[in-house]
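Take a look at the structure set out below.
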Number of protein chains: 2
Amino acid sequence: MSTEEIKGTNSRRTEDIDATCEEFCFNPIAVDYVQKRMLTEKESTLLTEIFKALSSKTRLHILHALSQRELCVCDLSLVLDLSVSAVSHQLRLLKAARLVKYRREGKNVYYSLDDDHVVSLFAYALEHVRHS
Amino acid sequence: MSTEEIKGTNSRRTEDIDATCEEFCFNPIAVDYVQKRMLTEKESTLLTEIFKALSSKTRLHILHALSQRELCVCDLSLVLDLSVSAVSHQLRLLKAARLVKYRREGKNVYYSLDDDHVVSLFAYALEHVRHS
DNA sequence: TGAACGATTGAACAAATGATCAAATGTATC
DNA sequence: GATACATTTGATCATTTGTTCAATCGTTCA
């Protein structure tokens, strides 16, 4: 019997479902409904990329600083009270996520924000945090 | 001399700055300007909490599923194709971040979203990802 | 009360993350 | 070209994260 196939709550999987659903805890209609509206692989990947970029204090401070003014790596390290190297490593991630852009001016490299939408996402979240 | 105190670009700190700024790479006016507008400790803590909660695919899928419908742990494990235990662990985090709430009904525990603002933050981000 | 079952928890472990240090690049100036 | 200096990069290490497994808790129902 199919009920035999589902053993242990820790390893229950979609493939195990069959017609004799009623006897189990789950609501097959709800599961089906939600499953049909799942985020696509691409959507969830893009979303996590954005949120991951925003999910460290260091990067949040970098982004917030750059939202006010273009700054070089050295300036940022002073503002954040962090080593130049640490800042550079984080800028690398933000660059990869296309959240910041840079321009070289002599020996200095100046960073600024690149993605308007993430800026407003950030502002939106900050607004919330400040008024609640 | 004060210039002697600043050695090695990797360990330069705010405290090292003094009047003889001109000889270094940084722009003291910009640093000062940005530093005065820094996020407070509390703000950056709250912001990273929110973004951390949203920065894993599993949690994103959970939140998105719950945004459509209240679901029990078992349902969620089916929708996400993940073990009940893994789902429960993530729900624990989301609960701690006050993003989800739950109610018990018999043997089942039903979860739903708790923070309207994070819901709209999520929707906002999703909207972006879908139209660009 | 005890059997069944949904959910939670803790331990363990692999993978990802973030900072530091040292070394390497790249650019300007002499 | 050599030197100085801003930045980047790679290696390393400690910490955090996410999953699995096994054990436990809580509720229902016979």
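Computed from heavy atoms alone, side chains included, the values below leave out hydrogens, waters and symmetry copies. Computed from a predicted model, the values in this text were never measured in an experiment. Letters A, B, ... are given to chains in the order of the sequence lines, protein chains preceding strands, and every chain is numbered from 1.
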How long is the line joining [atom1] of [X] and [atom2] of [N], in whole Å?
| X | N | atom1 | atom2 | answer |
| --- | --- | --- | --- | --- |
| A:R92 | C:dT20 | CZ | C1' | 16 Å |
| B:L80 | C:dA7 | CG | P | 13 Å |
| A:L91 | D:dA6 | CG | C1' | 13 Å |
| B:L93 | C:dA7 | CG | P | 18 Å |
| A:N108 | C:dT27 | CG | C1' | 10 Å |
| A:L82 | D:dT8 | CG | C1' | 16 Å |
| B:L94 | D:dT17 | CG | P | 13 Å |
| B:Y110 | C:dG6 | OH | C1' | 10 Å |

Checking contacts here: which listed nucleotide ([options]) is nearest the side-chain heavy atoms of [X]?
| X | options | value |
| --- | --- | --- |
| B:A86 | C:dT8, C:dG10, D:dT19 | D:dT19 |
| A:K107 | C:dT8, C:dG6, C:dG26 | C:dG26 |
| A:R104 | D:dT19, C:dT27, C:dG10 | C:dT27 |
| A:S88 | C:dG6, D:dT9, C:dG10 | D:dT9 |

Around B:R37, counting heavy atoms of other residues, nucleotides and ligands shown, do more than 12 lie under 6.0 Å from its CZ?
->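 Atom CZ in B:R37 is crowded, with more than 12 foreign heavy atoms closer than 6.0 Å.
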State whether the number of non-hydrogen atoms from other residues, nucleotides or ligands found under 6.0 Å of B:R98 atom CZ is greater than 12.
-> no
Side-chain donor or acceptor of [X] under 3.5 Å from a matching atom on the base of [N]?
| X | N | value |
| --- | --- | --- |
| A:S85 | D:dT9 | yes |
| B:S83 | D:dC21 | no |
| B:H89 | D:dT17 | no |

Does anything in residues 49-61 of chain B reach DNA chain D, meaning a heavy atom under 4.0 Å, and if so which residues?
-> B:K52, B:S56, B:T58, B:R59
Contacts of B:Y102 meeting ring-ring contact (aromatic ring centres under 6.0 Å, His included) (sequence neighbours excluded), chain-then-number -> B:Y111
Taking only the side-chain nitrogens and oxygens of B:Y111, find out if one of them lies under 4.0 Å from OP1 or OP2 of C:dT8.
->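 True: B:Y111 side-chain N/O within range (under 4.0 Å) of C:dT8 OP1/OP2.
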Measure from the side-chain N and O atoms of A:R59 to the backbone N and O of A:A53, and report whether any donor-acceptor pair falls under 3.5 Å.
->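 Side chain of A:R59 to backbone of A:A53: a pair is present.
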Looking only at atom types and distance, does a side-chain atom of B:S88 sit under 3.5 Å from a main-chain N or O of B:V84, one as donor and one as acceptor?
-> no
Can you label the angle between the B:H64 ring and the B:F122 ring as parallel, tilted or perpendicular, going by 30° and 60°?
->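 Ring orientation of B:H64 relative to B:F122: tilted.
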Could you list the residues that satisfy side chain to side chain contact (heavy atoms under 4.5 Å, CB included) with B:T48, not counting sequence neighbours?
-> A:K57, A:L60
